[in-house]
Protein chains: 2
Amino acid sequence: MSVTIKDIAKEANVSIATVSRVINNKSEGVGKETREKIRKIIKDLNYYPNRVARGMVTKQSNILGLILPDISNPFFPDLVRGVEDTASKSGYNIVLCNADNNKDKEASYIRVLKENNAAGIFYISVIKKNDNNLKLLVDGKIPFVLMDRRINIENVPKVYTDNVTGMYEMADYLIKNGHRRIAYISGPKHNSSSDQRLKGYKKALSDTGITIDPDIIKVGDYKLESGRQHMQALIDEGNNFTAVACANDMMAVGALEVLKHKGIKVPQEISITGYDDIFMASVTSPKLTTVAQPKYKMGCIAAELLIKLVQGRQISRKEIILKPSLAIRESAIKRSDNFENCSYR
Amino acid sequence: MSVTIKDIAKEANVSIATVSRVINNKSEGVGKETREKIRKIIKDLNYYPNRVARGMVTKQSNILGLILPDISNPFFPDLVRGVEDTASKSGYNIVLCNADNNKDKEASYIRVLKENNAAGIFYISVIKKNDNNLKLLVDGKIPFVLMDRRINIENVPKVYTDNVTGMYEMADYLIKNGHRRIAYISGPKHNSSSDQRLKGYKKALSDTGITIDPDIIKVGDYKLESGRQHMQALIDEGNNFTAVACANDMMAVGALEVLKHKGIKVPQEISITGYDDIFMASVTSPKLTTVAQPKYKMGCIAAELLIKLVQGRQISRKEIILKPSLAIRESAIKRSDNFENCSYR
DNA sequence: TTGTAGGCGTTATCAT
DNA sequence: ATGATAACGCCTACAA
């Protein structure tokens, strides 16, 4: 049995109310001497307050749930670190919930989180406007912030990066480097980030008057293997292109592999780009040119937001859009003029 | 305010005791009809039990702390996933604690975890026999298991992989491939896994009668940059070697980069190996030959262990040693006979 | 300045 | 088969 407020009270010959006062640093209501004495005893007995009991009466807790698809996905650790670092600075703990984008798992986590009296929830998921889990959150009156994905739901705090602009700028960069035939390996359909990025790609092309050719747009699933497959297909089908933009780094790495395996020189013959700037992007060869998201920062900001919410403080903006930036490295360069004679044709 | 057991009781015209009985599925003590009625009301009112309150009386919680250095380190996500997956299957939640191997941070997390009445703790850290935080855990009578590192402390449950054997086998593999001059880039000193791996390397060499040459043993810090630096140094100092074994993949990736940059062919001129088999190892070019640890499995096993402990059940073994295995890929091959004429000499 | 007592949502013991 | 009630550790009016 651990030491409780009662033990301290008994030892100090005061009431538990007095002890409680010094524990909570109530500035008034305790004599200086008593305070000192109690402090000493607390230390001697190695007492620490029981947050669970405290939570019962204050209706608060320092537990924040973090629901995300999968911590093994290299995109998330940085973001999670950001969340955890700033949360812990304010005394909050993070409960990790890997839900694999599975609605049932998410619902189950939400429930357990509620049962545990979690103060708030970070929610990273493929969410639709009328999502049932969203209702769970709203009806449960539990503060939450949506992260990473741009979702068209009003009145719900969210923080994400501008995926349209990110991919727009990347495509634009390719175009400015002379590329006209730019293949695209997209993420899964009906996934907001994926949709947004595709949109950015298309917009950049049409803004420059380049025809969008469905033949060189492939739909992958954000995983490495699908990058391989679609790169393979792109080549096998005899398509004509000098660059390929991938909707994320994983697929770009897969695509790069295929290219190298075929003896096609990157970036001399074909330029290739990614998205996310996961750590791996900086160690491939050639190093991957990609779109960097401020992942860690996103985590920090989301945490600050949620904590304010939890504490009932005002938040200035409900929607925070972070700017992505290009990480120009080695995998994309100026189109070579004699690309017609590329080895792969 | 959320629905409580009282609301259910009132609605059903029974006492809270009865409601409690059906909530906890007590087989006896409730009439069939009453039970049905209560079940329905629970559903209708969308009631869920408050675990915090329950914990107050049962002295239990479903919260497990996971103290690790840094989730951003690519080695950990898989392991964490293993922990979380099996924990959640048994209804336990994981509180993530990134402590950066910092004793104070760890101590602070341990404290908060105790305050939150955590049921148990996974502890991944560079721990010494008389570590103060260890005492905190033991004195606090909080069940915990040590993970990942082999630590020489009795009577404390631990699960880790055999690092000596892992590196022994890798060095042996290199030797069997004709290498005699095998450089080594070690992890930091006084780090158990690092020490063990170095030990394995040395043992493999001496078992074969190969002289250990301190000149080609460098001490890094497990980070990519130090792999770069020491590879550079190895070459600059004009050392003679045909292979270099690195104590982890990160450093191997850094070393590989330097080699490629210098135009030295891997593996034709120099073989290189890593340790850990993080995802990245499978996408470098050449793909990294490395020592694979069953990371996910380690997480699962540790979780099973801790949960048993928490539930007061018997555990069969206090120390579980997992076997590493070689992941033979492309970065290490047979020593070429004319290595004397390598381009880098 | 300090103490008393009620209550937070449950479980568990003991009656009925 | 059910109900009343103490207890878990703490906070917080309200009283003294």
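Below, chain A is the first sequence line, B the second, and so on; all start at residue 1.
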Problem - Among A:Ile110, A:Leu137, A:Ile124, A:Asn98, the one residue meeting side-chain contact (heavy atoms from CB on, under 4.5 Å) with A:Ile67 - result: A:Ile110
Exercise for the section: Using heavy atoms to find the nearest nucleotide of DNA chain D for B:Val14 and B:Thr58 separately, return the residue whose nucleotide is more 5′. Expected result: B:Val14
Handout entry: Below 4.0 Å: OP1/OP2 of C:dG3 and any side-chain N or O of A:Thr18
Key = yes
Practice task
For C:dT10, take OP1 and OP2 only and decide whether either is under 4.0 Å from a side-chain N or O of B:Ser20.
Solution key: no
Exercise for the section: Using only heavy-atom distances, determine whether the side chains of B:Tyr222 and B:Ser193 contain a donor-acceptor pair under 3.5 Å. Expected result: yes
Handout entry: Salt-bridge contact B:Glu115-B:Arg111 (side-chain N to carboxylate O under 4.0 Å)
Key = yes
Fill in the blank from the handout: note: A:Asn25, atom CG; D:dT12, atom P; distance rounded to Å ~ 13 Å
Handout entry: Value in whole Å for how far the P atom of C:dG9 lies from NZ of B:Lys59
Key = 18 Å
Exercise for the section: Respond yes when some side-chain nitrogen or oxygen of A:Lys26 is under 4.0 Å from OP1 or OP2 of D:dC11, and no when none is. Expected result: no
Practice task
Nearest whole angstrom, please: distance from the C1' of D:dA7 to the CD of B:Gln60.
Solution key: 16 Å
Practice task
Kindly say if A:Ser15 contacts the phosphate of C:dG3, meaning a side-chain N or O under 4.0 Å from OP1 or OP2.
Solution key: yes
Practice task
Name all pairs fulfilling the salt bridge (charged side-chain N to carboxylate O under 4.0 Å, His left out) condition that reach into residues 96-105 of chain A, sequence neighbours left out, sorted by first residue then second.
Solution key: A:Asp100-A:Lys105, A:Asp100-B:Arg81, A:Lys103-A:Glu106, A:Lys103-A:Asp131
Problem - Side-chain touch A:Lys308/A:Gln314, heavy atoms, less than 4.5 angstrom - result: no
Exercise for the section: Check whether any side-chain nitrogen or oxygen of A:Thr34 sits under 4.0 Å from OP1 or OP2 of C:dT2, and answer yes or no. Expected result: yes
Fill in the blank from the handout: note: A:Ile23, atom CD1; D:dG9, atom C1'; distance rounded to Å ~ 10 Å
Practice task
Classify the nucleic acid contact of A:Ile16 as base, sugar-phosphate or nothing, counting any heavy atom under 4.0 Å across all strands shown.
Solution key: base
Problem - Atom-to-atom span, CG of B:Asn117 to P of D:dC10 - whole angstrom - result: 11 Å
Handout entry: A:Ala17 side-chain proximity, nearest of C:dC8, C:dT2, C:dG3
Key = C:dG3
Practice task
Please tell me which of B:Val57 and B:Arg21 maps to the more 5' nucleotide of DNA chain C, matching each residue to the nucleotide holding its nearest heavy atom.
Solution key: B:Val57
Practice task
Check whether any side-chain heavy atom of B:Asp85 lies under 4.5 Å from a side-chain heavy atom of B:Tyr296, and answer yes or no.
Solution key: yes
Problem - Close residues, residues 41-56 of chain A, relative to DNA chain C [heavy-atom separation under 4.0 Å] - result: A:Met56
Exercise for the section: Verify whether one side chain among A:Tyr160 and A:Glu319 offers a donor that lies under 3.5 Å from an acceptor in the other. Expected result: yes
Handout entry: Test: B:Glu304 and B:Arg313 ion pair at under 4.0 Å
Key = no
Exercise for the section: Send over the distance from B:Glu115 CD to D:dC10 C1', rounded to a whole Å. Expected result: 13 Å
Practice task
Provide, to the nearest angstrom, the distance between the CG atom belonging to B:Asn24 and the P atom belonging to C:dT13.
Solution key: 13 Å
Fill in the blank from the handout: B:Ile5 CD1 to D:dT5 P, in whole Å, measures 16 Å
Exercise for the section: Look at all strands and tell whether B:Asp7 reaches a base, only sugar-phosphate, or nothing, counting heavy atoms closer than 4.0 Å. Expected result: nothing
